[in-house]
4 protein chains.
Amino acid sequence: MPMKKPCASRDNEGDNSTDTASERKSLRADARRNRERVLEVATKVFATEGLAAPIDEIADRAGVGIGTVYRHFPTKEALFEAVIVSFKQHLIEKAQEMLEQDDPDAAFYNFLSLMLRESSVNRSIIAAISSSPVNDHRQLTGISLDFKNILEKLLKHAQEARSVRDDIRVADVTAILFGLARSMEQYSDDPELPERILSVICDGLRGR
Amino acid sequence: MPMKKPCASRDNEGDNSTDTASERKSLRADARRNRERVLEVATKVFATEGLAAPIDEIADRAGVGIGTVYRHFPTKEALFEAVIVSFKQHLIEKAQEMLEQDDPDAAFYNFLSLMLRESSVNRSIIAAISSSPVNDHRQLTGISLDFKNILEKLLKHAQEARSVRDDIRVADVTAILFGLARSMEQYSDDPELPERILSVICDGLRGR
Amino acid sequence: MPMKKPCASRDNEGDNSTDTASERKSLRADARRNRERVLEVATKVFATEGLAAPIDEIADRAGVGIGTVYRHFPTKEALFEAVIVSFKQHLIEKAQEMLEQDDPDAAFYNFLSLMLRESSVNRSIIAAISSSPVNDHRQLTGISLDFKNILEKLLKHAQEARSVRDDIRVADVTAILFGLARSMEQYSDDPELPERILSVICDGLRGR
Amino acid sequence: MPMKKPCASRDNEGDNSTDTASERKSLRADARRNRERVLEVATKVFATEGLAAPIDEIADRAGVGIGTVYRHFPTKEALFEAVIVSFKQHLIEKAQEMLEQDDPDAAFYNFLSLMLRESSVNRSIIAAISSSPVNDHRQLTGISLDFKNILEKLLKHAQEARSVRDDIRVADVTAILFGLARSMEQYSDDPELPERILSVICDGLRGR
DNA sequence: CATGAATGAGCTTTCATTCAT
DNA sequence: CATGAATGAAAGCTCATTCAT
């Protein structure tokens, strides 16, 4: 939304999970390294300076030319979305682990806790995820769908174990998570604030 | 964050509650109309397009020249802060009313509900309030202080009436409110989502 | 030259010496006071901040509205020229006095010395006088003519007294004076520099 | 004085004499051509219209985009300083030649003469050099220092040959030169004026 | 493929000047 | 007459994006 020339329409956020296998293999080793380095740096820079960070800075810090950034990500927005995708991938993996290793109650609430903690580092990313127009609209695809699915699984298991109110839906959880994640780190004077808030949310989700 | 030269002095955010009467009177009738029109339009534009909105657009939509905007608000940042101040003023008034007319429980929870509803209209404004550097940093002044105070009163009364957990502090409420307010409107497909979220929060705040 | 919109042509710098009597009398007392106050302040401001100084500042410091400045001086450039005129008037008076009271040699060289000293205060004014397009072009009128005339008289008397080389002309003196005046104050670390320079010039003008 | 944000660091005016070889080579051929073209045009434009000349015009006349100008010179001020540096370089070279080829007397006075002649073309440049804050303040660096040094050499040799008064210092010469250079071209109606002035200065410098 | 120079639309801000009050 | 609000043309500068090297 703050991006300057949104000329091109999107809706194609999802075609990445498949790319990973097909397209990536065709990249030369150094090219792949570059792509990953850029993504990594972009994550850090966007997290620190927000979307306003110039592409030049990302290129510089990644030690590549601007052209290279544009070769891998045709647009600043595309780069940003890639950052989000990779961040979601990270969350999905964590959720996966918890789902396999913990009991339903712990899995669900630990994931909440995790996200709230991650947020203090990646505020802008989270801000973007939750305000990205992709998120709310109709059909989810690719990563966003995967993310919703895993969250749904966490939620369903927790509800079956009576750890979460019956009427709660995934969207509720997402809204609460992304919302709070953003405002968490701001009140950093009080180190126990996050815990209190987490406890309020948990209590609320368990129901009376 | 994307603002260029925030060098300008702060500390002056608060001297408004009194200005309203004294200083405003000294403006010529048309000047005051313009100032208000600009503020009004800016609120709408910032809410829609975020801080990235160009001043030109605000001037255009307000039907004045760019210079007029700059006469009243010496900086884009100043304009934006004025918008926030006026929004907070509005919330304070509402809180005041509730404090006077409702019982402690209703006053507190109705105010939460109100803020969550307002947010669907003024997302960016809320986003900005909550990420504004003023908010988190030590000494609050002016409006921000007034806002904190009234919220504190609402909270204390509610706690004394056993409507809210004892350990909750104002900052917790603010964090929850502003956080959720932002993510509310995004999930607009499900009209009952806000209610469910509100109910989760309320349950959580009341404690087990 | 640095003025932004020089729309209107000039060449009418001279029609002032006559105004003084006719037009001025018709001004109300307060109007005349305003005019003089503006002129005075403008001199100071231009001398300090150069031509780049905004009209608003001059109006402010003079304690009048912008409109008042524009009533008396239809253009920024006009105001500036008025400043120059009044400065020249001041110099003319000084020259007059010296011409009457001192012997030719002293009159001439004291005037040089005076101008060089004045320059350290009014650098921008002098800079402007000497770079103003009015100065070099053909027919001089009004003050500029008066100034040239009195300087000519000083010079002629000095030459008749064998105090100045025969081949020197007024333009030479003006060029030397205005030129040096400007670069004088810059080398302010060495307090005796002006004296040495003055002595070089005087020696040079007297001839071998 | 009219420059907006001079905040930028200075101290870097001098590191050029060495750059010329090392750094310049790393620029692509077209980039170097552009840089030089811009510098060349800027010299002309500043000389004609003064510092007030808009960057756009320089870019246009150089046949490049505005961005290109800003790539090579991060600030209008930087561009202007580059112009001055290159002008001083030119003068230094001339002085060098004279120092090597002519006798002390001729070297010194020919250099004065040269500068006075150059000035008629590059008035604003000279104006700027002499009013540049670099010039008068304490520690000179880089080009400015080189320039002072070569002038000092010219002067010392001339003084040892009894061609210049003993008490004269470099600063005196600079002040006289830059001062007169500026006012020279203005009185262009009389083609012999420069010669007379030069002769006055020379006589003055030789002493009685 | 990688590079980074070039581009120029667009942004914020200033200020001479006009004109309603 | 005085005032200062309104105006809008510039100006300096940034940065997403393209394309020659």
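Heavy atoms only: backbone and side chains are in, while hydrogens, waters and symmetry mates are out. We name chains A, B, ... by the order of the sequence lines, and we start the count at 1 in each one.
- Ranking dA11(F), dC1(E), dA5(E) by closeness to the Ala31(D) side chain, first place goes to dA5(E).
- Look at CZ on Arg61(A): it is 19 Å from C1' on dG4(E), rounded to the nearest Å.
- Across all strands shown, dT12(E) forms a Watson-Crick or G-U wobble pair with dA11(F), both key distances being under 3.5 Å.
- The side chain of Tyr70(A) approaches dA16(F) more closely than any other nucleotide in the set dC13(F), dT7(E), dA16(F).
- The side chain of Asn34(D) approaches dA5(E) more closely than any other nucleotide in the set dA5(E), dA2(E), dC15(F).
- Listed nucleotides: dT13(E), dG12(F), dA2(F). Nearest to the side chain of Thr75(B): dT13(E).
- Atom P of nucleotide dC15(F) and atom CD of Glu49(A) are separated by 10 Å, given to the nearest angstrom.
- Formation of a donor-acceptor pair under 3.5 Å by the Thr68(D) side chain with backbone atoms of Val64(D) is not found in this model.
- Checking the phosphate oxygens (OP1, OP2) of dT7(F), a side-chain nitrogen or oxygen of Thr68(B) falls inside 4.0 Å.
- When distances run from any side-chain atom of Pro54(C) to the nucleotides dA16(E), dT14(E), dT7(E), the shortest one goes to dA16(E).
- At least one donor-acceptor pair closer than 3.5 Å links the side chain of Lys76(C) to the backbone N or O of Leu51(C).
- Taking atom NE2 of residue His72(D) and atom P of nucleotide dG4(E), one finds them 14 Å apart after rounding to whole Å.
- The line from CG of Leu79(A) to CZ of Arg35(A) is 9.0 Å long, rounded to the nearest 0.5 Å.
- Atom-to-atom distance recorded for Ile66(A):CD1 and Ile58(A):CD1 is 11.5 Å, nearest 0.5 angstrom.
- Among the heavy atoms of the strands, none lies under 4.0 Å from Asp30(A).
- Separating the CG atom of Leu51(A) from the P atom of dT14(F) is a distance of 20 Å, rounded to the nearest angstrom.
- In this structure, Asp60(D) atom CG and dA11(F) atom C1' are separated by 14 Å, rounded to whole Å.
- Of the two residues contacting DNA chain F, namely Val69(C) and Pro74(D), the nearest-nucleotide position lying further toward the 5' end is that of Val69(C).
- In this structure, Asp60(A) CG and Ile55(A) CD1 are separated by 11.5 Å, a value rounded to the nearest 0.5 Å.
- Arg71(C) has no side-chain polar atom (N or O) that falls below the 4.0 Å cut-off from OP1 or OP2 of dC1(F).
- Both Gly65(D) and Arg33(B) sit near DNA chain E, but only Gly65(D) has its closest nucleotide nearer the 5' end.
- Comparing Asp56(B) and Gly67(D) against DNA chain E, the residue whose closest nucleotide sits nearer the 5' end is Gly67(D).
- Among the protein residues, Ile55(D) comes within range of the sugar-phosphate backbone only, with heavy atoms under 4.0 Å from sugar or phosphate atoms but none that close to a base.
- The CD-C1' distance, from Glu57(C) to dG4(F), rounds to 17 Å in whole Å.
- Applying the Watson-Crick and G-U wobble criteria (two distances, each under 3.5 Å), dT17(F) pairs with dA6(E).
- Atom pair Phe80(C):CZ and dA16(E):P shows a separation of 13 Å (rounding to whole Å applied).
- The CZ-P distance, from Phe73(D) to dG12(F), rounds to 15 Å in whole Å.
- The distance from atom CZ of Arg61(C) to atom NZ of Lys44(C), rounded to the nearest 0.5 Å, is 7.5 Å.
- Which of dT17(F), dA16(E), dT3(E) sits closest to the side chain of Lys76(A) comes down to dT17(F).
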